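What follows is a short report on a single structure.
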Amino acid sequence: MSPDRRTAVAVGSLFLLTEAAAIAGAVLYRPLLGAADGRLAQGADTWVLLGVVCEVVLVVAVAGTGAALFPVLRRHGEGLALGYAFGRLLEAAVIAFGIVAVLALVTLRRGTGAAEGADAALVAVHDWAFLLGPNIALGLNTVLLAHLAYRARLVPRFIAVLGLVGGPLICTSAVAVMFGAWAQLSVAGSICALPVFAWELGLAGWLIVRGFGPGSGTSPCRTRSDELNETA
């Protein structure tokens with residue numbers, strides 16, 4: 001197996017892991033973040049902590065996709081490749097910040113005199129981190145990667161188009177949530193997230209089964225170090 005083929009399998013697997021970990025985390029603790037008052041439900045600590053473990057896996061997988069893709073993407077633009085790698089790190093950091101808020105909520109809940117206002121504040125911190133990380137940052141990173149994949153023909157263009165459509169759509173949905181048009185977890189929000197979900201699944205499946213397209217080995221954007229190496 002060539003290095004690029006191994007990279008393709010690793011990246012595809014990481015994308016699948018992000019989807020599985022994100023869904024598992026939401027199922028395990030998102031519905032348990034409270035009733036209408038925003039407090040963590042009694043007796044939900046174990047489920048929440050399992051959800052936290054899933055989101056820690058999500059953080060590692062999100063950062064891993066940027067690192068694993070960098071050697072391939074830099075052949076088609078080092079600046080864009082760095083932008084994607086750092087964008088994924090930013091997305092992972094925001095998700096981690098939300099995890100800390102949930103852990104603080106669990107600690108507060110275990111105390112004897114938990115304050116309702118503090119409960120609600122920590123839930124709000126998690127919700128804003130959820131909006132900024134797996135929505136806005138994810139959308140921007142999706143557009144960047146889909147643009148590179150489309151231009152370099154790393155995957156079939158219909159898959160890249162899903163990312164080019166889904167990235168702006170999920171960002172638009174996040175802005176709508178900010179201004180109160182609809183809730184984060186709503187029918188409208190789910191519809192807006194579907195193209196990104198389809199993009200990541202399609203990308204992961206293609207990379208695992210078929211690998212990168214023939215354009216992955218070309219290098220239209222030569223760096224100064226490449227020229228010096230050739231001269232030497």
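Every value quoted in this text rests on a predicted model; they were computed, and no experiment measured them. For the single chain, residues carry numbers from 1 onward in sequence order.
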Do M178 and I136 come within less than 4.5 Å of each other through their side chains, counting heavy atoms only?
yes
So L69 and L145, side chain to side chain contact (heavy atoms under 4.5 Å, CB included) or not? Walk me through it.
CA-CA 9 Å; L69 275 169; L145 179 57; 3.9 Å; yes
How about CZ on F97, more than 12 heavy atoms from neighbouring residues, nucleotides or ligands closer than 6.0 Å, or not?
no
Around atom CZ of R210, are there more than 12 heavy atoms from other residues, nucleotides or ligands closer than 6.0 Å?
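Result for CZ/R210: open.
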Under a 3.5 Å threshold, yes or no: a donor from one side chain and an acceptor from the other, between E91 and N141?
yes
same_hphob_cluster([X], [Y]) at 4.5 Å side-chain heavy-atom cutoff:
X: L132; Y: I99; value: no
X: V102; Y: V62; value: yes
X: L14; Y: I23; value: no
X: W199; Y: F212; value: yes
X: V94; Y: L58; value: no

Given V60 and E55, is the side chain to side chain contact (heavy atoms under 4.5 Å, CB included) satisfied, shown in steps?
CA-CA 9 Å; V60 175; E55 290 214 333; over 6 Å; no
Go through it in stages, so that I can follow the logic: the residues are D127 and Q184, the test is side chain to side chain contact (heavy atoms under 4.5 Å, CB included), and I'd like the CA-CA distance, side-chain angles, deciding distance and then a yes or no.
CA-CA 8 Å; D127 289 348; Q184 288 189 41; 3.5 Å; yes
Run the side chain to side chain contact (heavy atoms under 4.5 Å, CB included) test on L49 and L103 for me, step by step, so that the C-alpha distance in whole Å, both residues' side-chain angles and the decisive distance to 0.1 Å come before the verdict.
CA-CA 8 Å; L49 292 175; L103 288 172; 3.8 Å; yes
Judged by atom type as modelled, is there a donor-acceptor pair below 3.5 Å linking the side chain of S186 to the main-chain atoms of W182?
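Answer holds: no.
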